[in-house]
Amino acid sequence: MIAARTLFPGGVNSPVRAYRAVGGEPPVLVRGEGPHVWDDAGHRYIDYVGAFGPLVLGHAPAEVVAAITEAAEAGGPFGVTGPGEVRLAEIIASRMPSIERIRFVNSGTEAAMSALRVARAATGRDLIVKFEGGYHGHADSLLVEAGSGAMTLSIPGSAGVARSVAEQTLVATYNDLDSVEAVLRAHGGKIAAVIVEPIAANMGVVPPVRGFLEGLRDLTASAGALLIFDEVITGFRVGPGGAQELFGVRPDLTVLGKIIGGGLPVGAYGGRAELMDLVAPAGPVYQAGTLSGHPLVMAAGVATLRALTPELYAGVERQAARLESGLRVEGASVARVGSLLTLFFRGQAPRNFREAKSSDTDAFARFFHKMLDSGVVLPPSQFEAWFVSAAHDASVIDATLEAASR
Ligand code: KE4
């Protein structure tokens, strides 16, 4: 839309929506229902973007729309804790026992940023470790790139990030415990936390190799550093208790977002009570938010999580598995965990970011546009995950596979 280009930087309110990685003009999408979206010319597409994760039930699920409507008609926010916040926190804590105490915020970025602050306060240490290809939102200390070698200090990953801030974050290699051990040894005693996507989904889907997460748990514990799982994407996506239940590894802090807001703006961070009681007003770590715990967001999150029954997960798993096995594309490989999936244009699925980057992104771009022309809208980057929702039934998967084979 011409107006958008003059109003927003790059015509968008978040960079990935500009289609820079695949070229061409993004469609103007105006309506969604279940697995489908429509553009302003009335063309229908099967949607695998799903708002980049939140829409695990598909677009406009009746129970979520009703919950939001009812909350909207009740007025608010009221500036004091409400029953919706308690209800959502209780559901989350019942499914993620590592979360004894939680704080709601308005984005995954805010949640990750705040979790780091708690980790620094809890340990009295300044340095953070993240992984190359891991994305945790756009807080300064998480927008860094590996220096010339992982042992050297990081450099800013974005203009405007102060070098002094970037140097506080070290970068290791996903699925490579030796790289983590080396960083912890080189900076021993000064590392507050290691933050990781337990299933990487921002380099495309890259599952943890056997023992990786367990190894992180042991290495951080023995180094006196906290282990933070960024489950903004995986939380309640890959199973009822997220990746920490799936892999049986308990982090010290968990970062959440996306699904827990049912498509409305949300984030949350939580963990052991002794850690979270460091957060104001209980403790000295300041963090605040005008619209944190917003009644409409809490209502949408409760309605969404309540719909995530064992039957629903089993159904999504069946359809996502059919999609994976049917996606036979020349020179491409598929990585999948539950309803999270990526088709990599490379011979076999990558184990880390360096391997992921060797994918043929031009081939992905061509595939993306052919699928779009065939009525299937994919996330516009080789390094994003496809999201299968509960609304993607067998006929939708078949139509997708038919388009892909063409
Ligand atoms: P937000 O601040 O965008 O709500 O969440 C940041 C975030 C944190 N952690 C993980 C693992 C994430 O994937 C994200 C955001 N994900 C991207 C897409 N992979 C959101 C899409 C976008 O940036 O527009």
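Every number for a ligand or one of its atoms is a count from 1 in the order of the listing. Being a predicted model, the structure only gives us computed values, none of them experimental.
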* Side chain, backbone, both or neither: which part of Glu197 comes within less than 4.0 Å of ligand 1 when only heavy atoms are counted? -> side chain
* Test log, rule side-chain hydrogen bond (donor to acceptor under 3.5 Å, both in side chains), inputs Asp47 and His59 -> CA-CA 9 Å; Asp47 178 32; His59 287 271; 2.7 Å; yes
* Verdict with reasoning, Glu100 to Arg272, per salt bridge (charged side-chain N to carboxylate O under 4.0 Å, His left out) -> CA-CA 5 Å; Glu100 297 171 350; Arg272 288 200 312 275; over 6 Å; no
* Please identify which atoms of ligand 1 are closer than 4.0 Å to at least one heavy atom of Val16. => 22 (C), 24 (O)
* Asked: If you measure from each heavy atom of Lys258 to ligand 1, is any distance below 4.0 Å?
  -> yes
* Mark up the atoms of ligand 1 that fall under 4.0 Å of a heavy atom belonging to Ser14, in ascending order. => 22 (C), 23 (O), 24 (O)
* **Phe368 ring center near Tyr19 ring center (under 6.0 Å)** => yes
* Looking only at protein heavy atoms, identify the closest one to atom 11 (C) of ligand 1 and say how far it is in Å. => Tyr135 O, 3.3 Å
* Are Phe131 and Phe212 close enough that their ring centres sit under 6.0 Å apart? -> yes
* Nearest non-hydrogen atom to atom 13 (O) of ligand 1 belongs to which of Asn202, Val255, Val232? -> Asn202
* To do: Let me see the working for Arg31 and Asp40 under salt bridge (charged side-chain N to carboxylate O under 4.0 Å, His left out), right down to the final yes or no.
  => CA-CA 8 Å; Arg31 191 163 71 83; Asp40 55 354; over 6 Å; no
* Asked: Are any non-hydrogen protein atoms located under 4.0 Å from atom 9 (N) of ligand 1?
  -> yes
* **Backbone or side-chain N or O of Glu384 under 3.5 Å from ligand 1 N or O** => yes
* Structure fact -> among protein heavy atoms, the one nearest atom 3 (O) of ligand 1 is Thr109 OG1, 4.5 Å
* Asked: Can a donor-acceptor pair be found between the side chains of Tyr135 and Glu197 at a distance below 3.5 Å?
  -> no
* **Atoms in ligand 1 with a heavy atom of Ser107 nearer than 4.0 Å** => 2 (O), 4 (O)
* Going by atom types alone, do Ser389 and Tyr48 pair a side-chain donor with an acceptor below 3.5 Å? -> no
* Just which atoms of ligand 1 are under 4.0 Å from any heavy atom in Gly137? -> 6 (C), 7 (C), 8 (C)
* Judging by distance only, is a nitrogen or oxygen of Gly108 under 3.5 angstrom from one on ligand 1? -> yes
* Give the ring-plane orientation class for Phe364 versus Phe345, where under 30° counts as parallel, over 60° as perpendicular and anything between as tilted. => perpendicular
* For Ile233, counting its heavy atoms only, list the atoms of ligand 1 lying under 4.0 Å from any of them. => 13 (O)
* Between Gln244 and Ser98, is any side-chain donor less than 3.5 angstrom from a side-chain acceptor? -> yes
